[in-house]
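Side chains are part of it too, since the values below use all heavy atoms of this structure and drop only hydrogens, waters and symmetry mates.
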Amino acid sequence: QVQLVESGGGLVQPGGSLRLSCAASGSIFGINSMGWYRQAPGTQRELVATITSGGVTNYADSVKGRFTISRDNARNTGYLQMNSLNPDDTAVYYCKLTTARLRVYWGQGTQVTVSS
């Protein structure tokens, strides 16, 4: 079983920054990719950013240039650095892990609220 623990969410003013973390533990047997998704009230969950085992990244157009995804392979931890936050970024952010065996796991979600 694999567990994902997210942290780093909270309340921030427009223009501020937050850094989300996603720590994976358990029977992982290697990571294929990690990603961050978000879901605002009344909307579908949407992709924010992904990073492959080789370090190839992909971003939603709405966050390009503001968000940076990274990972620490030794710690099985992924990060999402979010800068220049605006109210449209308000959502619950979820971490997604795809193992080398192509099993998919989701974190419990962490709330990010951007408001003055």
Side-chain angles (χ1 to χ4, degrees):
Q1 190 67 13
V2 173
Q3 295 82 38
L4 300 179
V5 178
E6 299 156 349
S7 60
L11 173 65
V12 64
Q13 292 186 341
S17 299
L18 285 174
R19 187 192 194 205
L20 306 182
S21 298
C22 175
S25 62
S27 304
I28 300 173
F29 301 113
I31 296 176
N32 179 282
S33 66
M34 295 185 78
W36 289 94
Y37 293 71
R38 66 187 182 186
Q39 187 169 17
T43 69
Q44 292 188 334
R45 192 172 298 186
E46 63 177 7
L47 179 147
V48 176
T50 61
I51 184 167
T52 69
S53 59
V56 177
T57 58
N58 180 51
Y59 296 92
D61 288 342
S62 59
V63 306
K64 282 181 181 176
R66 300 188 299 122
F67 291 11
T68 302
I69 189 171
S70 61
R71 56 190 284 180
D72 183 336
N73 291 332
R75 291 190 169 95
N76 287 332
T77 300
Y79 304 95
L80 184 69
Q81 177 66 43
M82 305 186 294
N83 299 327
S84 301
L85 286 161
N86 62 64
D88 289 339
D89 296 316
T90 296
V92 178
Y93 284 69
Y94 297 91
C95 173
K96 177 185 176 183
L97 170 70
T98 303
T99 70
R101 296 182 176 182
L102 301 182
R103 293 191 174 184
V104 176
Y105 298 91
W106 290 90
Q108 80 285 359
T110 184
Q111 177 70 46
V112 171
T113 303
V114 185
S115 175
S116 55

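Tracing side-chain contacts under 4.5 Å through hydrophobic residues (I, L, V, M, F, W, Y), one reaches L47 starting from V92; they form part of the same cluster.
Rounding to the nearest 0.5 angstrom, the gap separating the OG1 atom in T57 from the CZ atom in F67 is 14.0 Å. Rounding to the nearest 0.5 angstrom, the gap separating the CG atom in N32 from the OG atom in S53 is 5.5 Å. The structure places CD of Q81 at 12.5 Å from CD1 of I69, a figure rounded to the nearest 0.5 Å. Here the straight-line distance linking atom CD of Q3 with atom CG of L97 works out to 11.0 Å at 0.5 Å rounding. Remark: L18 CG to T110 OG1 distance equals 8.5 Å, nearest 0.5 Å. R19 contributes atom CZ, which lies 11.5 Å from atom CE of M82 (distance to the nearest 0.5 angstrom).
Looking at heavy atoms from C-beta onward, N86 lies out of side-chain contact with P14 at the 4.5 angstrom threshold. With a 4.5 Å cut-off on side-chain heavy atoms, L11 and S115 count as touching. Looking at N58 and V56, their side chains never come closer than 4.5 Å, going by heavy atoms from C-beta outward. Contact annotation: the side chain of T90 approaches that of Q111 to within less than 4.5 Å [non-hydrogen atoms, C-beta and beyond]. Under the 4.5 Å side-chain criterion, counting only non-hydrogen atoms from C-beta, I51 is not in contact with Y59.
Applying the side chain to side chain donor-acceptor pair (under 3.5 Å) test to residues at least two apart or on different chains, the pairs with a partner in residues 63-72 are D61-K64, R66-D89, R71-N73, D72-R75. The stretch residues 91-109 participates, sequence neighbours left out, in no salt bridge (Lys or Arg N to Asp or Glu O under 4.0 Å) pair at all.
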As a quick check of understanding, evaluate side chain to side chain contact (heavy atoms under 4.5 Å, CB included) for Q108 and L4, giving each step before the final call. CA-CA 8 Å; Q108 80 285 359; L4 300 179; 5.6 Å; no

Audit row: T50, Y37, side chain to side chain contact (heavy atoms under 4.5 Å, CB included) steps and yes/no: CA-CA 9 Å; T50 61; Y37 293 71; 4.2 Å; yes

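Residues forming a side-chain hydrogen bond (donor to acceptor under 3.5 Å, both in side chains) with S62 (at least two apart in sequence, or on another chain): R38.
Of the residues listed (W36, Y94, Y79, Y93), the one engaging C22 in a side chain to side chain contact (heavy atoms under 4.5 Å, CB included) is W36, and it is the only one.
Minimum interatomic distance between A40 and A91 (heavy atoms only, all atoms of both residues): N-CB, 3.8 Å.
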